[in-house]
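Take a look at the structure below.
Below, all heavy atoms of this structure are taken into account, side chains as well, without hydrogens, waters or symmetry copies. Quick caveat, the model's predicted, so the values are computed rather than measured.
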Amino acid sequence: MKKIFLFMVTGLMFVGCFGKKEDVASKIIGNTYVLQKVIDGSEVDVTFEKDRLSGKAGVNNYFANYKIDGQTIKIENHGSTRMMGPEELMKQEQEYLKNLNDAKNIKLTEKGIVITTTSGVQLDFDKK
């Protein structure tokens, strides 16, 4: 009887340790993250608030709604200002916004976050 009880308690502890989803959403709210590997002299960032994100995409400011479930992220209803800038910055911005709209997963790292798109592109951000 003791062996069965011990086995059940050990099993519950094992499930408890490995069955939890990391609560990414609560850890990113109120923080700003800066995208790495951008064109010199430009800055691309994202700030998370409850259910909304916003930031600078290089030339224009942008905003969107988001939902996080575990490490799955869905970004929708995005919009941005419509200023023009240097061609290379505009291309970088368009690519970034396309990737952000295609976001699938988000995970915390030692330095910040990584957002991975459905096509496998990784957006690596450091906490500001």
Side-chain angles (χ1 to χ4, degrees):
M1 183 71 164
K2 286 182 182 180
K3 288 182 181 179
I4 293 173
F5 178 74
L6 184 60
F7 179 77
M8 289 175 53
V9 169
T10 304
L12 288 173
M13 288 174 54
F14 182 81
V15 169
C17 290
F18 293 101
K20 293 181 182 176
K21 290 183 178 180
E22 185 175 20
D23 186 17
V24 175
S26 67
K27 294 178 181 177
I28 63 172
I29 291 176
N31 295 321
T32 298
Y33 299 90
V34 178
L35 183 65
Q36 300 304 295
K37 299 181 182 174
V38 295
I39 296 171
D40 287 341
S42 70
E43 184 172 304
V44 176
D45 64 25
V46 61
T47 300
F48 290 90
E49 299 301 332
K50 186 178 187 275
D51 302 324
R52 289 199 44 90
L53 58 81
S54 61
K56 184 154 178 88
V59 175
N60 290 286
N61 295 321
Y62 69 94
F63 52 89
N65 297 325
Y66 76 93
K67 294 177 185 175
I68 294 179
D69 181 19
Q71 290 189 334
T72 301
I73 185 169
K74 183 173 183 167
I75 299 173
E76 53 193 11
N77 301 325
H78 77 276
S80 68
T81 57
R82 298 186 183 269
M83 297 184 298
M84 292 299 294
E87 186 176 344
E88 64 182 6
L89 292 181
M90 294 304 296
K91 285 182 182 179
Q92 174 182 267
E93 181 173 292
Q94 289 170 354
E95 184 70 18
Y96 169 70
L97 292 174
K98 178 178 104 27
N99 285 327
L100 199 62
N101 195 47
D102 197 32
K104 181 179 179 182
N105 295 314
I106 183 170
K107 71 177 183 175
L108 297 169
T109 66
E110 286 183 24
K111 292 182 176 184
I113 59 172
V114 173
I115 295 176
T116 306
T117 68
T118 56
S119 60
V121 174
Q122 289 192 333
L123 303 173
D124 186 17
F125 296 84
D126 285 354
K127 190 173 179 181
K128 193 170 191 178

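- The only member of Asn31, Ile113, Thr32 that meets side chain to side chain contact (heavy atoms under 4.5 Å, CB included) when paired with Phe48 is Ile113.
- Rounding to the nearest 0.5 angstrom, the gap separating the NZ atom in Lys50 from the OH atom in Tyr66 is 9.0 Å.
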Discussion item. One pair to check against side chain to side chain donor-acceptor pair (under 3.5 Å): Thr118 and Asp102. What are the steps and the verdict?
Written reply: CA-CA 6 Å; Thr118 56; Asp102 197 32; 2.5 Å; yes

Discussion item. Apply salt bridge (Lys or Arg N to Asp or Glu O under 4.0 Å) to residues Lys91 and Glu87 and explain how you reach the verdict.
Written reply: CA-CA 6 Å; Lys91 285 182 182 179; Glu87 186 176 344; 3.4 Å; yes

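- Taking NZ from Lys104 and CD1 from Ile75, the interatomic distance works out to 14.0 Å, rounded to the nearest 0.5 Å.
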Discussion item. Test side chain to side chain contact (heavy atoms under 4.5 Å, CB included) on Val38 and Glu43; report intermediate values, then the result.
Written reply: CA-CA 7 Å; Val38 295; Glu43 184 172 304; over 6 Å; no

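- Hydrophobic clustering places Leu108 together with Val46 (ILVMFWY residues linked when any side-chain heavy atoms are closer than 4.5 Å, directly or through intermediates).
- Every side-chain contact (heavy atoms from CB on, under 4.5 Å) that Thr116 has, sequence neighbours left out, goes to Asn105, Val114, Gln122.
- The distance from the CD1 atom of Ile29 to the OG1 atom of Thr47 is 12.5 Å, given to the nearest 0.5 Å.
- In this structure, Leu100 CG and Leu35 CG are separated by 9.5 Å, a value rounded to the nearest 0.5 Å.
- Closest approach of His78 to Ala64, counting heavy atoms only: CB-CB, 3.5 Å.
- Other members of the cluster containing Met84 are Ile39, Val59, Met83, Leu89, Met90, with ILVMFWY side chains joined at under 4.5 Å, either directly or via other members.
- Under the side-chain hydrogen bond (donor to acceptor under 3.5 Å, both in side chains) criterion, Ser80 pairs with no residue at all, not counting sequence neighbours.
- Here the CG-OH distance, from Asn60 to Tyr96, works out to 13.0 Å after rounding to the nearest 0.5 Å.
- The two residues Asp45 and Tyr62 have their closest heavy-atom pair at O-OH, 2.7 Å.
- Exactly one of Gln92, Lys56, Glu93 qualifies for a side chain to side chain donor-acceptor pair (under 3.5 Å) with Ser42. That residue is Gln92.
- Side chain of Asn99 to main chain of Glu95: a donor-acceptor pair is present (N/O by atom type, distance under 3.5 Å, no hydrogens or angles).
- The minimum heavy-atom distance between Tyr33 and Lys27, with the atom names listed, is OH-O, 4.0 Å.
- Across every non-hydrogen atom of Arg52 and Phe63, the tightest pair is NH2-CD1, 3.4 Å.
- Contact annotation: the side chain of Ile68 approaches that of Ile28 to within less than 4.5 Å [non-hydrogen atoms, C-beta and beyond].
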